[in-house]
Amino acid sequence: MHELLIPVGDYLSLEYAIANGADAVYLGYKKFNARAYAKNFSEEELKEAVALCHLYGVRLYVTMNTLVKDKEVDNFLETVSFLHQIGVDALIMQDFGMICLVRETFPNLEIHASTQANVCTEEAVQLYHQLGVKRVVLPREMSLEEIEKIPIPIEKEVFIHGALCMSYSGCCLMSSMIGSRSGNRGECTGCCRLFYELYENAKKVKSGYLLSTKELNTSSKMSELMKSDIASFKVEGRMKSPL
């Protein structure tokens, strides 16, 4: 059985996702999520979202997928405790230290290793499996053949549609270097989407959106994907409107 996992940036998007047959949704709380400039969900909205999803048999995952500073650890764990108490189905996390700490502190809380965790080898998948992580979100750059060669009994999740980062597995430092806002802290400036000019020996040889990647679209490959051992098919787009 494969899961269709849909992004929801606000409550209206959540309602549309449920109405259109999502098996699961993922969304961001107001803190510690990699889409700081999405509308995201307040405490009360999250409580209502969990109730609505579970009423319709839809699973709800919360993105707690930024890197966490030492001074933020207590606040991070308080947030995790709140999410656990209201009954979210899983947390999607990047920070390895926080994954270990949450597994120790909340052993019954399901954790998914985010694509930013860069889990792209059998050895890395085995490590997360041993930690008790339920699912790994594999990098968009991996081929189906590479994915199926990983024999570890852990749930595999892959992106099937949406924006691509110019950096491997979304671990980009360009925004932090140019715009002083880190994508790994949820504040990507999208500087790779800008218009650039390429010079060679002081002569302009090309101009355009030279770093901007086309969106991922696996619609022509879905029959192959459906035959694979992939557990969850994920659509990107928490910054997009539901319409």
Side-chain angles (χ1 to χ4, degrees), residues 5 7-9 24-38 40-41 60-84 88-106 109-121 123-142 152 154-159 162-177 181-190 192 231-232 234-239:
L5 178 56
V8 291
V25 298
Y26 66 103
L27 54 83
Y29 183 43
K30 60 185 178 181
K31 297 179 286 187
F32 303 113
N33 89 83
R35 292 291 183 272
Y37 300 109
N40 294 315
F41 285 69
L60 185 149
Y61 311 141
V62 176
T63 55
M64 294 285 284
N65 57 341
T66 59
L67 297 178
V68 179
K69 297 181 179 180
D70 289 349
K71 64 182 179 181
E72 298 172 330
V73 171
D74 289 343
N75 188 222
F76 186 90
L77 291 178
E78 288 173 6
T79 304
V80 171
S81 180
F82 161 71
L83 297 173
H84 192 21
V88 304
D89 292 289
L91 300 184
I92 304 171
M93 298 176 61
Q94 172 188 185
D95 192 302
F96 184 77
M98 290 301 98
I99 290 174
C100 294
L101 191 55
V102 169
R103 287 292 305 137
E104 180 182 322
T105 310
F106 306 95
L109 180 56
E110 186 172 311
I111 302 297
H112 299 174
S114 169
T115 187
Q116 286 93 351
N118 195 17
V119 188
C120 58
T121 65
E123 292 78 9
V125 174
Q126 180 64 47
L127 173 62
Y128 280 97
H129 179 57
Q130 291 172 345
L131 287 172
V133 171
K134 180 70 177 295
R135 178 184 296 184
V136 288
V137 187
L138 299 169
R140 294 164 175 84
E141 296 82 3
M142 290 184 71
I152 311 303
I154 194 171
E155 290 184 2
K156 300 173 184 177
E157 178 178 302
V158 300
F159 282 91
L164 287 165
C165 180
M166 63 168 289
S167 180
Y168 193 91
S169 200
C171 298
C172 183
L173 298 178
M174 184 179 182
S175 178
S176 61
M177 296 293 101
R181 283 172 26 191
S182 173
N184 293 302
R185 295 280 293 171
E187 300 177 341
C188 178
T189 60
C192 62
S232 180
K234 186 175 194 173
V235 177
E236 184 275 337
R238 284 192 289 129
M239 295 290 288

Determine, step by step, whether R140 and E236 satisfy the side chain to side chain contact (heavy atoms under 4.5 Å, CB included) criterion, reporting the C-alpha distance in whole Å, the side-chain angles of both residues, the deciding distance to 0.1 Å, and the verdict. CA-CA 11 Å; R140 294 164 175 84; E236 184 275 337; 3.7 Å; yes
Looking at side-chain heavy atoms only, is the closest gap between [X] and [Y] below 4.5 Å?
X	Y	result
L5	Y26	yes
E157	V136	no
V235	P7	yes
V8	R238	no
E141	L164	no
V102	L109	yes

Test your reading of the model: is there a side-chain donor-acceptor pair from E104 to the backbone of L101, 3.5 Å cut-off? no
Could you pull out the closest heavy-atom pair between [X] and [Y], with the gap in Å?
X	Y	answer
N33	N40	ND2-ND2, 3.3 Å
V133	I154	O-CD1, 3.4 Å
E155	A231	CB-CB, 4.1 Å
Q94	N65	NE2-O, 3.0 Å
P139	N118	CG-OD1, 4.1 Å
T63	G28	OG1-CA, 3.4 Å

Separation between [atom1] of [X] and [atom2] of [Y], rounded to the nearest 0.5 Å:
X	Y	atom1	atom2	value
K234	R135	NZ	CZ	8.5 Å
N75	K69	CG	NZ	13.0 Å
C100	L131	SG	CG	5.0 Å
I92	S114	CD1	OG	7.0 Å
L91	L83	CG	CG	6.0 Å
D95	L67	CG	CG	5.5 Å

Those residues that, when tested against K30, pass salt bridge (charged side-chain N to carboxylate O under 4.0 Å, His left out) (two or more places apart): none
Of all residues at least two apart in sequence or in a different chain, which pass the salt bridge (charged side-chain N to carboxylate O under 4.0 Å, His left out) check with E78? none
For Y128, what residues pass the side-chain hydrogen bond (donor to acceptor under 3.5 Å, both in side chains) criterion, not counting sequence neighbours? none
Looking at residues at least two apart in the chain, or sitting in another chain, which of them share a ring pair (Phe, Tyr, Trp, His ring centres under 6.0 Å) with Y61? H112
Sorted by chain and residue number, the ring pair (Phe, Tyr, Trp, His ring centres under 6.0 Å) partners of F76 (sequence neighbours excluded) come out as F32
I'd like to check the side-chain contact (heavy atoms from CB on, under 4.5 Å) partners of S81; sequence neighbours left out, ordered by chain and number. Q85, F106
